[in-house]
Amino acid sequence: MPATTKSAAYAAQTATSPLAPFTIDRRDPGPTDVAMEILFCGVCHSDLHWVRNEWGTANYPVVPGHEIVGRVTKVGSSVKGFKPGDIASVGCLVDSCRTCDHCKKHLEQFCLNGATFTYGGEDKHLGGFTHGGYSKHIVVDEKFTLHVPKGLDPAASAPLLCAGITTYSPLRQWGAAKGKKVGIVGLGGLGHMGVKFAHAFGAHTVLFTTSPSKIEDGKRLGADEVVISKNEAEMQKHAGSFDIILDTVSADHDINALLGQLRLDGTLALVGVPPKPMAIGAFGLIMPRKKIAGSLIGGIAETQEMLDFCGKHSITSDIEMIPIDYINTAYERMLKSDVKYRFVIDMASMK
Ligand code: NAP
Ligand code: ZN
Ligand code: ZN
């Protein structure tokens, strides 16, 4: 067992308790490890699902957080790519087997031997479960540590590590580009990054939202058009016209209405993870020949590619910076779709 150092953190002790101060152990860096002081951590809706055990798989205590940007404090003897003082980042993955077919294809998130997720995964070094970025310090293998391009604001870059890659990867996979009509459903953390990427890839970008108050922001962020998804007439106007629809919604909603927006061979790509299964009418899928697909974050190489793309195109997240003791209020606001458009915790507020 490696030596450890204590780190301040915030944890939920049960599915119904609020997040509160907690102390965790971080391993001292081994030869291939990068140790960092966490500066900023984004707040993903998955954190809330996990803290409240909405997917039924959480282990307590939970220290969430997988949109991490920090300053390197120490590196192991074999680390080549990072040095103390560098700004570095960590997303949803901290390890995988590196040898299976999926890992060899740079799809570590689908590791056949089980990827280690940043929180709630099996901690192969210390035993127990991994703890995420609502903490002061983290130690991660160099292979799962990413570079934040110079010139990008570190705080506004944190959400790229999950919201960014989760929208970038499926839009690339299903061909969002000039000449394609792409819908993004939900203007939250993921959705607002989806709008920015679809626009940056040159696609005709349409935002579907339930919130009329977000129309102007949707256009400012890159949407060519905005549809209020609860308005039948507006939905009818676009029926059967989309090549790709990326659904980022976190709660129960009507995906049959979204299938109706697709054209021949169009793809409805799900990235949102509502806790309950959703019913699909077969007719809406077979006519005229449509696809439903899903996507989970992205591999490490693609995550670095996305960060580099953001560096080149000056893309970051629109954030609301919060102190750590605001986190429980932030969760309540997220449930009301009241986030513009990602909360990011300023870790300097954690003592
Ligand atoms: P978020 O910031 O809370 O955004 C979700 C948005 O969905 C809301 O802002 C709202 O947008 C819309 N929405 C909420 N409830 C709705 C309802 N009942 N009907 C229709 N629209 C509704 O959440 P997020 O952090 O972007 O995460 C979204 C989902 O993606 C979560 O389930 C999360 O767990 C999942 N996720 C998946 C992956 C992956 O790899 N697949 C990665 C990260 C997160 P409007 O106000 O515009 O309607
Ligand atoms: Zn996330
Ligand atoms: Zn593997």
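Only this structure's heavy atoms are used, side chains among them; waters, hydrogens and symmetry mates stay out. We count ligands from 1, going down the list as the structure has it; atoms in each ligand are counted the same way.
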>> I want to know whether His66 and Tyr119 have ring centres closer than 6.0 Å.
In response: yes
>> Using ring centroids (six-membered ring only for Trp), state whether Phe208 and Phe242 fall under 6.0 Å.
In response: yes
Candidate with minimal heavy-atom separation from [atom], of [options]:
atom: atom 5 (C) of ligand 1; options: Ser250, Gly186, Gly294; answer: Ser250
atom: atom 2 (O) of ligand 1; options: Gly189, Pro275, Gly218; answer: Gly189
atom: atom 7 (O) of ligand 1; options: Leu190, Asp254, Leu207, Val249; answer: Val249
atom: atom 14 (C) of ligand 1; options: Ala251, Pro170, Ser337; answer: Ser337

Which ligand 1 atoms, with their elements, are less than 4.0 angstrom from a heavy-atom of [X]?
X: Leu187; answer: 9 (O), 11 (O), 45 (P), 47 (O)
X: His45; answer: 1 (P), 3 (O), 23 (O), 24 (P), 25 (O), 27 (O), 31 (C)
X: Cys162; answer: 42 (C), 43 (C)
X: His49; answer: 31 (C), 32 (O), 33 (C), 34 (O)
X: Ile297; answer: 39 (C), 40 (O)
X: Arg342; answer: 24 (P), 25 (O)

Tell me the contacting part of [X] for ligand 1: side chain, backbone, both, or neither, using a 4.0 Å heavy-atom threshold, strictly below.
X: Ser295; result: backbone
X: Trp55; result: side chain
X: Val271; result: both
X: Leu335; result: neither
X: His253; result: side chain

> Measuring from the heavy atoms of Val339, does anything fall under 4.0 Å of ligand 1?
Replying inline: no
>> If the contact criterion is a heavy-atom separation under 4.0 Å, does Gln109 count as touching ligand 1?
In response: no
> Backbone N or O of Leu48 within a donor-acceptor pair of the Glu54 side chain at under 3.5 Å?
Replying inline: no
> If only atom types and distance count, is the side chain of Asp33 paired as donor or acceptor with the main-chain N or O of Gly30 below 3.5 Å?
Replying inline: yes
> Using a distance threshold of 2.8 Å, what protein N/O/S atoms lie below it relative to the Zn ion (ligand 2)?
Replying inline: Cys44 SG, His66 NE2, Cys162 SG
Do the side chains of [Y] and [X] get nearer than 4.5 Å, heavy atoms only?
X: Met36; Y: Lys74; value: no
X: Phe144; Y: Glu108; value: yes
X: Leu262; Y: Ile245; value: yes

> ligand 1 and Val273, any nitrogen or oxygen pair closer than 3.5 angstrom?
Replying inline: yes
>> Under the criterion side chain to side chain donor-acceptor pair (under 3.5 Å), I'd like the reasoning laid out for Lys136 against Ser7: C-alpha separation, chi angles, the key distance, then a yes or no.
In response: CA-CA 6 Å; Lys136 211 55 182 164; Ser7 171; over 6 Å; no
>> Suppose we only count N/O/S atoms under 2.8 Å; would Cys103 qualify as near the Zn ion (ligand 3)?
In response: yes
> How open is the angle at the Zn ion (ligand 3) from atom SG of Cys97 over to atom SG of Cys100, rounded to 10 degrees?
Replying inline: 110°
